[in-house]
Amino acid sequence: MKKTEKHNYNLILGIVLTAIVLIPAVIGIFYTPYDTESMNLALKMASPSFSHPMGCDNYGRDIFSRIMKGSSITFLIGVGTVFWGSLIGTLVGAFTAYYGGVVDEILMRVNDVIFSFPSLLLALVFVAILGPGTYQVLFALAIAFIPSYARVVRGEFLRQKSMDYVQLARLAGAKDLRIMFVHILPNIRKVLISSILIGFNNAVLAEAGLSFLGIGVSPPKASLGSMLSDAQTYLFSKPELALFPGLTIIIMVLGISLISKEVA
Amino acid sequence: MKRILRVENLSIEFHDHALAEKVVTDLNLDIFEGEIVGLVGESGSGKSLTAMAAAGLLSRHDIKKSGIIDFDGTDMLSAERAELRKVQGNKLSVIFQEPMTSLNPLKKIGWQVEESMKIHMPEMTASERKNRALEVLLQVELKEPERVYNSYPHQLSGGMRQRVMIAAAMAITPKLLIADEPTTALDVTVQMEIIELLKDIRKTYGTSILFISHDLSLVSILCDRVAVMKNGVIVESGNVREIFDFPKHEYTKKLIASIPVVEL
Amino acid sequence: MTTVIKKIVGSVITILAVSCLVFIAFEIISGDPALAKLGISATEEKLAALRLEMGLERPLFVRFFDWVSGVIRGDFGNSYSYNMPVSELIGEKALTTMLLALYSFLLMIVITIPISIYSALHKGDLFDKAIQIVNQINMSVPAFFGGMLISLIFGMVFKLFSFGGYVSYSKSFSGFLSYMFWPALAIAIPKAAMAISLLYTAIVEEIKNDYVRTAYSRGNSSRGVFYKHILKNACIPLITFLGMAFADMISGSIVIEQVFGIPGLGRILLSSIQQRDYPVVQAIIVYIAFFVIVSNLLVDILYRVIDPRVR
């Protein structure tokens with residue numbers, strides 16, 4: 001009894017934290033109180049006020065608006081990365097586990113090598129090849145994330161493959177594709193959902209890292225990572241420039257990881 | 001004959017739920033030097049808990065114990081941990097139901113057989129310890145004791161592991177051996193070998209044995225006296241032959257009737 | 001023993017495979033290196049001369065074997081933009097980054113072990129609950145933001161170190177260590193948070209095992225049961241994590257170096273990516289891959305040393 005109550009608290013806290021960041025982020029896709037890219041030297045380094053709740057940055061841009069815009073870009077990159085990464089990863093994992101054979105062997109060897117590589121570094125390599133930019137980052141991260149999903153899905157598929165319900169479906173004459181995606185896939189949804197949530201967090205952190213290094217989302221576009229990168233110069237004179245985007249990342253990641261713990 | 005274990009008015013209560021649950025009630029039991037006493041009953045009758053209490057291994061905070069368990073001058077119920085430790089593995093040894101999991105998977109058999117010697121007889125040299133370990137391994141009829149000494153638990157079968165447990169228990173020649181369903185997890189043929197082994201041990205060392213089992217037929221082969229337990233209470237006790245030939249309590253009759261007759 | 005040799009051979013093959021992939025990827029995508037070096041204003045004659053000088057006229061597979069055999073000898077060719085051998089250019093920087101990653105790794109272990117042991121053995125008390133919460137938050141902090149917070153709090157407010165005052169290890173090793181403590185801490189904290197939750201769970205689960213009861217029945221003290229029996233068993237799930245954590249720490253170092261102004265691989269990697277100085281980028285990737293693969297190999301061997309069941 002006690003246990004379930006405590007779990008609910010975690011879930012509620014996770015949802016609340018995520019909502020605090022996500023609602024402004026979703027609004028930020030369509031609308032921000034101030035323009036996020038044009039400069040206004042009159043407001044350079046303005047302190048927080050009623051009209052600019054988080055103050056303004058070194059170009060006089062409203063920080064709150066930039067955080068809205070930045071978290072929406074970070075959020076979209078996270079969602080896109082996880083979408084493509086999990087989609088392709090699931091297909092690779094499902095097919096290799098289901099059919100096995102030489103292709104499975106080779107793909108999994110390659111997978112293991114890529115998997116053991118830090119995803120940030122892998123994305124860095126892809127960005128080095130493709131050049132910086134929002135879509136390049138998304139593409140690079142998606143490729144870097146495929147192996148982890150393929151690994152998870154393959155492991156789960158191997159476990160499910162030998163179970164009775166799969167054998168029964170086969171006896172009943174179900175086609176391979178039907179068995180894979182109608183019978184097995186729903187049974188591994190818990191694992192898949194939790195690794196999608198964790199993957200989203202990793203994507204957010206990786207995007208922030210790339211943009212912080214100046215090879216992710218390129219200025220003047222705002223992303224949480226690039227805001228932190230800009231804020232670095234003024235870290236000691238104006239720490240709130242770094243604190244607000246930093247806290248936004250922490251709240252987003254913390255919220256999602258609390259949710260993922262309860263889903264699993 | 002000297003009395004080695006005296007259990008008087010033992011009661012054990014679980015307090016892990018809102019309502020306290022009494023699992024052993026006013027239990028009385030004596031064991032004399034060189035005697036093998038059986039404690040039989042079905043699972044949940046409280047026999048294993050009684051054995052663990054007698055071994056001083058019942059220290060969970062949510063368990064309430066009352067009564068006296070006097071083992072050779074030490075009260076196993078109320079003594080401090082430091083007192084108990086002087087007895088455990090020294091004058092009193094235990095073997096458990098699950099030979100597969102009762103050994104530490106990362107330590108060599110030799111190390112585990114020698115452990116109680118290391119704790120209780122620090123004056124022994126390494127080679128003395130090894131000689132003694134090989135001697136007991138041979139006594140429990142393990143062929144190639146030198147090889148077993150250098151093996152890890154996963155390299156041995158269930159029966160061999162239980163022999164190792166017995167060897168480790170006898171390494172320091174205790175006065176009392178508590179055997180908690182030592183044969184339940186084993187094949188029938190191996191069961192009989194272990195029973196014969198326990199008989200030999202009593203003959204060689206004069207060790208008293210408290211044999212916990214749900215199997216009345218094994219008790220009848222091994223034990224001198226028997227106590228039959230049901231729902232935390234001893235319903236009948238006495239000489240094995242008498243109880244077998246003239247059971248008084250309905251429950252005992254039922255247990256005897258349920259023994260399968262083996263046709264030779 | 002034979003499996004270990006097989007693993008080593010496998011690792012060597014993997015390193016070679018990674019080198020091939022890196023070479024091919026950059027060869028196909030990067031375009032004309034001579035053009036990259038001279039810029040678009042260069043004349044056709046100059047370009048042709050440079051191509052000849054760089055050996056670009058030779059067939060692809062010849063250049064490939066040339067490059068791979070160079071890699072085996074530790075020769076990665078010349079940097080386009082610095083006009084010096086790559087190995088000379090990145091040598092000291094690579095060591096700086098590796099030392100930072102190693103430092104973070106050791107800090108992570110030093111933080112993880114006592115905290116997880118204490119809170120697992122005092123499950124449910126105030127310290128344990130506090131650790132659970134702090135851990136959850138620490139896991140969500142990007143290491144570079146953690147680095148900014150550390151330099152803000154310990155550098156500016158408490159003045160425990162002078163921010164930007166990096167000392168090279170060749171000048172003063174102790175000065176190097178005391179400055180690097182802070183970036184290493186920034187990398188170590190989020191990883192330690194993960195390691196703590198792993199080890200904590202493992203200890204709590206391990207205590208329930210039957211062999212623990214056996215150990216008590218032999219007269220061990222609680223300390224004896226824990227240190228002689230439980231701890232080693234509980235560390236097994238941590239080993240795989242350690243390998244991945246070390247790999248992550250190398251990429252973490254590259255980012256953190258930008259926060260703390262450390263002249264490691266990070267800065268040169270970034271500037272080489274921006275200037276399309278591919279020999280440098282290739283060399284750094286292969287170098288890091290080498291360490292990642294070797295650390296995976298070590299984890300594999302450590303696994304075998306600790307757990308007799310996988311030998």
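Proteins come first, then strands; the chains are lettered A, B, ... in the order of their sequence lines, and each starts at number 1.
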Side-chain contact, heavy-atom cut-off 4.5 Å: B:Pro182 with B:Phe211? yes
Between chain C and each of B:Lys86, B:Gln112, B:Lys118, count heavy-atom pairs under 4.5 Å; write down the option with the most. B:Gln112
Contact origin within B:Leu106 toward chain C - heavy atom pairs under 4.5 Å: both
Please determine if B:Lys107 forms a cation-pi arrangement with B:Trp111, meaning its NZ or CZ atom is less than 6.0 Å from the six-membered ring centre and no more than 45° off the ring axis. yes
Step through it carefully: locate the ring centre of C:Trp182, locate the ring centre of C:Phe154, and say whether they are under 6.0 Å apart. yes
Of the backbone (N, CA, C, O) and the side chain (C-beta and beyond), which part of B:Met165 lies under 4.5 Å from a heavy atom of chain C, both, or neither? side chain
Residues in side-chain hydrogen bond (donor to acceptor under 3.5 Å, both in side chains) contact with B:Thr184, at least two apart in sequence or another chain: B:Glu181
Under a 4.5 Å heavy-atom cut-off, does chain B meet the side chain of C:Ile230, its backbone, both or neither? neither
Region of B:Ser93 that comes under 4.5 Å of a non-hydrogen atom in chain C: neither
What part of B:Gln155 gets within 4.5 angstrom of chain C, counting heavy atoms only: side chain, backbone, both, or neither? neither
Can you tell which part of B:Asn90 gets under 4.5 Å to a heavy atom of chain C, answering side chain, backbone, both or neither? neither
Only pairs of heavy atoms separated by less than 4.5 Å count here; which of B:Arg85, B:Arg81, B:Met52 has the most with chain C? B:Arg85
Taking 4.0 angstrom as the limit, do B:Glu146 and B:Lys130 come out as a salt bridge? yes
The interface call for B:Leu57 against chain C, heavy-atom contacts under 4.5 Å, is side chain
Quick one: does B:Arg132's side chain get under 4.5 Å of B:Glu114's, heavy atoms only? no
Which bit of B:Ala168 is near chain C, if near means a heavy-atom gap under 4.5 Å: side chain, backbone, both or neither? side chain
Among the options B:Pro105, B:Gly56, B:Ala169, pick out the one with the most heavy-atom pairs lying under 4.5 Å from chain C. B:Pro105
Part of C:Asn233 lying under 4.5 Å from any heavy atom of chain B: both
Is the closest side-chain heavy-atom distance between C:Ile117 and C:Phe226 below 4.5 Å? yes
Donor-acceptor pair between B:Thr204 and B:Gln139 side chains, under 3.5 angstrom: no
Chain C interface, residue from B:Gln97, B:Glu98, B:His120, B:Met100 that has the most non-hydrogen pairs under 4.5 Å: B:His120
Student check: side-chain heavy atoms of C:Thr96 and C:Met180 closer than 4.5 Å: yes
Top residue by heavy-atom pair count (under 4.5 Å) with chain B, among C:Asn209, C:Asn220, C:Asp307? C:Asn220
Using every non-hydrogen atom in the two residues, find where B:Val94 and C:Ser217 come nearest and quote the distance to one decimal. CG2-CB, 4.0 Å
Max heavy-atom pair count under 4.5 Å with chain C, selected residue of B:Ile172, B:Leu92, B:Ile119, B:Asn104: B:Asn104
